[in-house]
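Order of appearance sets the numbers: ligands from 1, and atoms from 1 within every ligand. Numbering starts at 1 and runs along the sequence shown. Keep in mind the model is a prediction, meaning the values are calculated, not measured.
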Amino acid sequence: VSLFSAPASAQTYPERTITVIVPFSAGGPTDTVTRLVAESMSKDLGQQVIVENVGGAGGTLGAGRVAQAEPDGYTLLLYHIGMATSATLYRNLAYDTLNAFEYVGLVTEVPMTIVARKDFEPNDLKGLIEYVKANKDTVTVANAGIGAASHLCGMMFMNAIGTQLTTVPYKGTGPAMTDLLGGQVDIMCDQTTNTTKQIQGGTIKAYAVTSPKRLKIFPDLPTASEAGLPGFEVGIWHGLYAPKGTPPEVTDRLSKSLQKALKDENVIARFAELGTEPSSEADATPAALKAKLESEIARWKPVIEAAGEYAD
Ligand code: MLT
């Protein structure tokens with residue numbers, strides 16, 4: 001084997017089951033996106049791509065697990081914007097965000113929705129803002145821990161209205177949604193990949209979407225900007241990562257497979273039903289994900305520092 005040729009293992013990759021760690025509970029938004037993409041990648045790679053849910057600490061536990069895994073292409077991580085925000089939110093992360101991973105590519109960017117339990121009193125976003133300000137000692141906000149998308153959006157909401165509320169952390173917004181449906185918690189800001197079916201079924205109340213424009217699937221649901229929070233916009237981008245040291249031949253193979261999955265008719269259709277769309281071929285590349293992560297760490301750092309909320 002010449003010094004410049006790929007190791008044999010990289011040339012024959014993949015030879016066995018690949019595990020993608022989802023750093024949140026099963027049944028939630030990251031899990032939903034990952035399972036759709038993994039199923040399609042399985043067909044292209046000729047090996048099973050299975051999902052393992054390792055929830056906790058806003059996704060940083062699962063990310064830490066992957067940072068420690070063998071860099072052989074058989075353990076991957078699908079983590080969203082939390083990969084960027086947790087780099088600032090946590091004072092003592094178990095891994096160095098920018099140096100612990102190799103990049104495969106961007107997967108999707110998902111809008112969020114501000115929602116409440118079905119019988120929550122306010123009927124529109126302005127009413128919600130008035131209500132939570134007047135009842136700040138009793139209103140509860142669900143999230144998936146510090147570093148979660150729901151945490152970021154909740155933090156933005158509380159800052160925008162200048163009111164701190166009681167937050168209730170879960171290992172993912174899958175279980176948080178169960179409690180919202182059961183009425184154990186009042187409000188949540190969560191991705192459309194988790195809220196669409198409930199909003200359409202009328203089992204929860206929706207006040208706004210966080211996208212710059214209204215969504216095709218909810219033509220009557222206003223944007224947060226329209227409904228009373230000007231400039232309140234956030235999109236939850238997701239990326240696929242491998243542990244640092246994974247051979248470039250392997251990450252390139254995975255990238256090609258990801259690009260193919262993102263053009264799969266079934267994936268496109270299911271994403272559309274859930275209010276989102278796959279990333280472009282140019283974005284589903286190691287370089288695009290690396291650039292996104294770097295720019296997003298820089299973008300959110302001052303926002304988080306201004307909010308002054310940290311975890312250890
Ligand atoms: C999940 O998959 O549970 C979510 O992405 C949690 C979140 O970040 O809000």
Side-chain angles (χ1 to χ4, degrees), residues 20-38 51-66 76-90 93 97 106-116 140-158 165 167-181 185-199 204 206 209-211 224 234-241 270-271 274-276 279 293 296 300 303-304 309 311:
V20 184
I21 303 276
V22 162
F24 296 101
S25 310
T30 315
D31 186 68
T32 298
V33 160
T34 307
R35 281 175 203 272
L36 285 168
V37 171
V51 169
E52 187 184 337
N53 301 89
V54 182
T60 60
L61 277 183
R65 173 86 77 84
V66 177
L76 308 177
L77 170 72
L78 204 142
Y79 194 3
H80 56 37
I81 193 169
M83 185 71 127
T85 57
S86 58
T88 303
L89 284 165
Y90 284 81
L93 263 195
T97 301
L106 281 156
V107 177
T108 182
E109 181 159 330
V110 185
M112 302 199 87
T113 46
I114 301 173
V115 297
T140 51
V141 190
N143 70 33
I146 296 179
S150 45
H151 167 266
L152 177 67
C153 188
M155 185 182 86
M156 286 168 62
F157 179 72
M158 291 187 276
L165 302 167
T167 54
V168 185
Y170 295 82
K171 285 189 176 172
T173 51
M177 178 60 79
T178 305
D179 272 11
L180 197 71
L181 290 167
V185 68
D186 296 322
I187 60 175
M188 172 159 75
C189 184
D190 192 18
Q191 297 160 76
T192 56
T193 36
N194 201 38
T195 59
T196 296
K197 288 282 161 330
Q198 307 299 345
I199 295 170
I204 57 174
V209 289
T210 67
S211 41
V234 59
I236 306 306
W237 55 275
H238 294 62
L240 186 59
Y241 303 84
R270 292 284 293 119
F271 273 29
L274 296 171
T276 187
S279 295
L293 180 63
E296 287 279 288
W300 291 106
V303 178
I304 293 162
E309 193 179 339

Will you find, in the side chains of [X] and [Y], an N or O donor that is under 3.5 Å from an N or O acceptor?
{"X": "Asp179", "Y": "Tyr170", "result": "yes"}
{"X": "Asp190", "Y": "Ser150", "result": "no"}
{"X": "Thr108", "Y": "Thr276", "result": "yes"}
{"X": "Thr193", "Y": "Thr32", "result": "no"}

Test side chain to side chain donor-acceptor pair (under 3.5 Å) applied to Arg270 - qualifying residues, sequence neighbours left out: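 Arg270 satisfies side chain to side chain donor-acceptor pair (under 3.5 Å) with Glu273 once adjacent residues are dropped.
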Output the set of protein residues with a heavy-atom contact under 4.0 Å to ligand 1, ordered first by chain identifier and then by residue number.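 Lining ligand 1: Phe24, Pro29, Thr30, His80, Ala144, Ala148, Ala149, Ser150, Gly172, Thr173, Gln191.
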What do the steps show when you test His80 against Glu109 for side chain to side chain donor-acceptor pair (under 3.5 Å), and what is the final call? CA-CA 9 Å; His80 56 37; Glu109 181 159 330; over 6 Å; no
